[in-house]
Amino acid sequence: MKARAAEEERPRLVVLTGPTATGKTDLVIRLAGFFGGEIVSADSMQVYRYLDIGTAKPSRSVREAIPHHLIDVVDPDEPFSAADFTARAGEIIESLHRSGKVIWVVGGTGLYLRALLGGLASLTGADPRVRKRLREEMARHGLSLLFERLARVDPESAGRIHKNDAVRIMRALEVYESSGRTITAQQKEHGFRQRRYRVLSIGLARERKDLFARIDRRVEEMIREGLVAETEGLVERGYDESLKPLQTLTYRPVFRYLRGEGDLPGLAGAIGRETRLYAKRQETWFKKDRQIEWYSPDDGEGIARRVDAFLRRETNGVRG
RNA sequence: GGGUCGGUAGCUCAGUCGGUAGAGCACUGGACUGAAAAUCCAGGUGUCGGCAGUUCGAUUCUGCCCUGACCCA
């Protein structure tokens, strides 16, 4: 009985996800307007302050009308990771749950959602010193040397990770070299199997053609709204283009443009291409998630009915 | 009107000393546990401008035509 009660006490989340530019923001504004509640953003870029236009953050007026969490929480030169996201979102969700609010988790960063809902393996965290050393070793001796080292200490990882995937090779070595245990062993103990929440996952899907047209429109709008000036402003603030959040699909092309490589239409083309590729990567990721119930973004009514059923079922359950 | 250099994948171009072609990007599919808007993998794609000629065989050589850029009139 005690276990059952604890079951029912788990926070309930309405997750809204899907590729970039499908209309998640517009939809959740309408839903939250109707059902109430607050929004927890699951977007790895909107966490950064000052990156507004290029990350398509919800407008100030929207954020004043409906409380948004995990937007503008770190500076562009601060580290932030899926683990940070999970920890912070966990606290926010607990507190919203205690006050009985409807919790909307909205975003397209697949790893963040998976980590939030399933938990993250309790691995060694990122260690900037180890990372710096590994990067230097790679520059000096080449990636293949690092890969060979990984193959010796953790053959299973080496079998799973491609020999060109520098990020994952270095991460696996980082875990091994700072903890003495392989990443494989630690991940096996875990495997995203925690179930901290009761979840309704709603995915927004659009036809490729439609989605790509929306992406192009959004890119034009970003440029019109001053994406280039925003980027120059970041530089004036002292943020270098090598920073992680600036080496991304919108800002990276802007820096190229600022160096005189290409004109404005060329910039729009580049961002559009990158964004389309990103949207496809997101589709690939979400396709695997069998929990997601897919809807057309135009089917606001159907989605609202589904959300209503989910919330009703939950509130009628046993209360703590 | 004459000359020069071009016309090869959706785009930019490479190439074939004659045996029907290839890179990058685009496009499509996939992977993903503290960098995830990151990182990585795989896959095609073609009347080689047109018509003739030479040749066993022409995208490659020759002629003519069409077409683009530039130069000279």
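Treat the numbers as computed from the prediction; the structure is a model and nothing was measured.
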Is the base of B:G63 syn or anti, where syn means the angle lies within 90° of 0?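 Because its glycosidic torsion lies more than 90° from 0, B:G63 adopts the anti conformation.
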Please list residues of residues 275-283 of chain A whose heavy atoms come under 4.0 Å from any atom in RNA chain B, ordered by number; otherwise none.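 Hits under 4.0 Å, by residue number: A:Arg276, A:Leu277, A:Tyr278, A:Lys280, A:Arg281.
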Nearest to the side chain of [X], heavy atoms from C-beta on, is which of [options]?
X: A:Asn164; options: B:C41, B:A35, B:U33; result: B:C41
X: A:Arg168; options: B:G34, B:C27, B:U33; result: B:U33
X: A:Arg208; options: B:C40, B:U28, B:A31; result: B:U28
X: A:Arg273; options: B:C41, B:A26, B:U33; result: B:A26
X: A:Val167; options: B:C41, B:C32, B:A35; result: B:A35
X: A:Lys287; options: B:G29, B:A36, B:A38; result: B:G29

If you take all heavy atoms of A:Ala21 and A:Ile215, which pair is closest and at what distance?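 In this case the closest contact between A:Ala21 and A:Ile215 is CB-CG1, 3.9 Å.
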Does A:Thr284 make a side-chain N or O approach to OP1 or OP2 of B:G30 shorter than 4.0 Å?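 True: A:Thr284 side-chain N/O within range (under 4.0 Å) of B:G30 OP1/OP2.
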Starting at the 5' end of RNA chain B, write a dot or bracket for each base, bracketing those in Watson-Crick or G-U wobble pairs whose two distances are under 3.5 Å and using | for partners on another strand. (((((((..((((.....[..)))).(((((.......))))).....(((((..]....)))))))))))).
Check: A:Ser95 side chain, A:Glu91 main-chain N or O, donor-acceptor pair, under 3.5 Å: no
